[in-house]
Protein chains: 2
Amino acid sequence: MDDKPLSKDPNQQFSVPYYEIPYEKFFQFGMSVDSVVFGYHDGQLKVLLIKRGAAPFKGELALPGDLVYPNETIEVAAHRILKDLTGIDEHFIRQTKVYSQVDRHPVARVITTGVYSVIDIAKHDPHASAWAEGVYWVPVDEVPHLAFDHDCIFRDALEILRDRVRKEPVGFELLPSKFVLAELQGLYEAVLNVKFDKANFRKRILSGKFLRDLNEFQEGVPHRPARLYSFDANKYEELTSSGFSIQV
Amino acid sequence: MDDKPLSKDPNQQFSVPYYEIPYEKFFQFGMSVDSVVFGYHDGQLKVLLIKRGAAPFKGELALPGDLVYPNETIEVAAHRILKDLTGIDEHFIRQTKVYSQVDRHPVARVITTGVYSVIDIAKHDPHASAWAEGVYWVPVDEVPHLAFDHDCIFRDALEILRDRVRKEPVGFELLPSKFVLAELQGLYEAVLNVKFDKANFRKRILSGKFLRDLNEFQEGVPHRPARLYSFDANKYEELTSSGFSIQV
DNA sequence: ATAAGTAGTGTATTATTTACACTTGAAACA
DNA sequence: TGTTTCAAGTGTAAATAATACACTACTTAT
């Protein structure tokens, strides 16, 4: 009995001085990570949802997530989960918030950390795994009700992404390494749900000098092909270290 | 033995499939909160440090923090800690990051959430408590080495504060409810470590319309007394809900 | 050749930011 | 009762940045 996770019984309240709470009760938390994985496709910002393969909420839609292993950090756990789902080792990943409502998990006391991740859909082919019966890319404005408190975790992540994408080079993670300015503009428009003037968008982005002009061109388009660019991470580092920040 | 917190023994690695890890090992995390409490005094931004009253790191300087109780959320725990230290119930408080390095705590596996808090020094009188032998306001640029990974937690919080204070009404929490524009300017200059032009600062702040002109004046100053203002939270809410955001 | 369609550029207008000098008013002192 | 001192508070010209929008350029398709 003593080994079981903390009971969720509402009668089991600890309205007593801390020294009357058995010491080991302070060390019975479960820790999990829930990932909000963003991708961009067909001019739409999408998020990766799974159909849960295990209780609780088996069969329901949720964010991919799992308990943190005893020897893992949260970041390691998040990478493991994404690797299981997409096969890719390297992901851009950032924390959002911690969710610690006492009753947020129906079975045990589990505190979860939200993270978001931003990937190029074309490079990844998500597939079902031990804990996910199905995996789906869902446009962010069509996300249905999710298991646990994942509605909230998703909303918060989207809001934080929208804030961050304006000043950090997050957007480039969503695109192939070679892209065209119109794609970049479409991406920002999809993420932020706004429209930009083409000429002004170009001027702003190009004035930053962190895009490398590859002197290559689009192929197979039925009109004048556009120049290909890539994000120059070194140049960007150089710029940020002297106070520069992307402004979109 | 099974009831003890997770061992920090580096030999106890779990490089095995999850189903070979005993189930209860997933529920032996300790969860804590560490608060970075900011205050403003004498034109300086300061942070509240404690001298630890208990092992580990007894006697060393650290951020105020404690284990989360089994029936608490992280936010509740953070408020409890600050109440213990300052006697005040209501605090402005925000999460910063989660710190989950496996070896960050020398005794047990404890994951901590950093929070920051921003208070009016004049209204609070911090005092030693069960877990704090001493309490000190230290200017942010004179913070010495701290216990655990608190150096890092502090640095991150300061960076996040500096980012947030430019667009959220965080600064007002540091001042008495009635203040003078010069005080507000001094505060922003101390937090951000920059200088503003007086005329332009006023124009910018006043153009937001979220300051209420109290038609009252400073007293006891040996020069022309300045107008007193207060932050109008209702007006601010109204403005933000229609897309407005503070810009400093 | 020419039409269609997107790539990419130039520029006038408007809005915002910056720098800095100025005026105002209360208290202190002669 | 001036006059000085000190910071409060204002006005404005110049520089910079944001916006709107029309234009040219180039490649494919017919």
Side-chain angles (χ1 to χ4, degrees), chain A residues 40 42-43 165-167 171 175-176 178-190 192-231 239 242-248, chain B residues 40 42-43 165-167 171 175-176 178-190 192-231 239 242-248:
Chain A
Y40 174 68
D42 286 340
V165 81
R166 285 179 172 271
K167 32 201 123 134
L175 291 177
K178 298 176 181 189
F179 52 85
V180 138
L181 289 186
E183 287 167 354
L184 189 63
Q185 179 175 346
L187 159 67
Y188 275 105
E189 290 178 342
L192 297 171
N193 202 29
V194 293
K195 283 281 168 198
F196 292 110
D197 177 277
K198 179 177 48 145
N200 297 336
F201 179 82
R202 298 177 145 259
K203 270 181 279 188
R204 208 155 18 175
I205 287 290
L206 257 20
S207 73
K209 309 273 185 222
F210 49 81
L211 290 193
R212 188 188 300 118
D213 182 344
L214 297 171
N215 268 305
E216 295 173 47
F217 294 85
Q218 261 181 326
E219 277 170 28
V221 285
H223 55 73
R224 174 178 177 183
R227 301 189 89 83
L228 289 168
Y229 290 86
S230 70
F231 175 68
L239 288 163
S242 43
F244 168 85
S245 166
I246 292 180
Q247 279 279 85
V248 183
Chain B
Y40 174 67
D42 286 339
V165 80
R166 284 178 173 272
K167 30 202 123 131
L175 291 178
K178 297 177 180 188
F179 53 85
V180 137
L181 289 186
E183 286 167 355
L184 188 64
Q185 180 175 346
L187 159 67
Y188 275 105
E189 290 178 342
L192 298 170
N193 201 30
V194 294
K195 283 281 167 197
F196 292 112
D197 176 275
K198 179 177 48 147
N200 298 335
F201 179 82
R202 299 179 145 257
K203 270 180 280 188
R204 207 157 17 175
I205 286 290
L206 257 21
S207 74
K209 309 274 185 221
F210 50 80
L211 289 193
R212 188 187 298 120
D213 182 344
L214 297 171
N215 268 305
E216 295 173 48
F217 294 85
Q218 261 182 326
E219 278 170 27
V221 286
H223 56 74
R224 176 178 176 182
R227 302 189 86 85
L228 289 169
Y229 291 85
S230 71
F231 175 69
L239 288 163
S242 44
F244 168 86
S245 165
I246 292 181
Q247 280 277 86
V248 182

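Note: hydrogens, waters and symmetry copies are ignored here, and every other heavy atom, side chains too, is used. Numbers restart at 1 for each chain; the letters A, B, ... are given by sequence-line order, proteins then strands.
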Look at the side chain of B:His223 and decide which nucleotide, out of D:dG9, D:dC6, C:dG5, has an atom nearest to it. D:dC6

What's A:Val221 touching, base or sugar-phosphate or nothing? Going by heavy atoms closer than 4.0 Å. sugar-phosphate

Pick the nucleotide of DNA chain C nearest each of A:Leu228 and B:Asp197; which residue has the one closer to the 5' end? A:Leu228

Has the side chain of A:Asn200 got a donor or acceptor that lies under 3.5 Å from a partner of the other kind on the base of D:dA20? yes

Along DNA chain C (nearest heavy atom to each residue), the more 5'-positioned of B:Arg204 and B:Pro225: B:Arg204

Regarding B:Ala199, tell me which of base, sugar-phosphate or nothing describes its non-hydrogen contacts under 4.0 Å with the strands shown. base

When we call it a touch if two heavy atoms are under 4.0 Å apart, what does A:Arg202 touch: a base, just sugar-phosphate, or nothing? base

In terms of heavy-atom contacts, does NZ of B:Lys167 have more than 12 from other residues, nucleotides or ligands at under 6.0 Å? yes

Just say parallel, tilted or perpendicular for the rings of A:Phe196 and A:Phe201, cut-offs at 30° and 60°. tilted

Specify the closest pair of heavy atoms between B:Lys195 and B:Glu189, including all atoms of both residues, with the distance to one decimal. NZ-OE1, 3.5 Å

Within the modelled atom types, does a donor on one side and an acceptor on the other bring the side chain of B:Arg224 and the base of C:dA26 under 3.5 Å apart? no

Contacts of B:Lys198 and B:Lys203 projected onto DNA chain D by closest heavy atom; the upstream (5') one is B:Lys198

Is there side-chain contact between B:Asn215 and B:Arg227, with at least one heavy-atom pair below 4.5 Å? yes

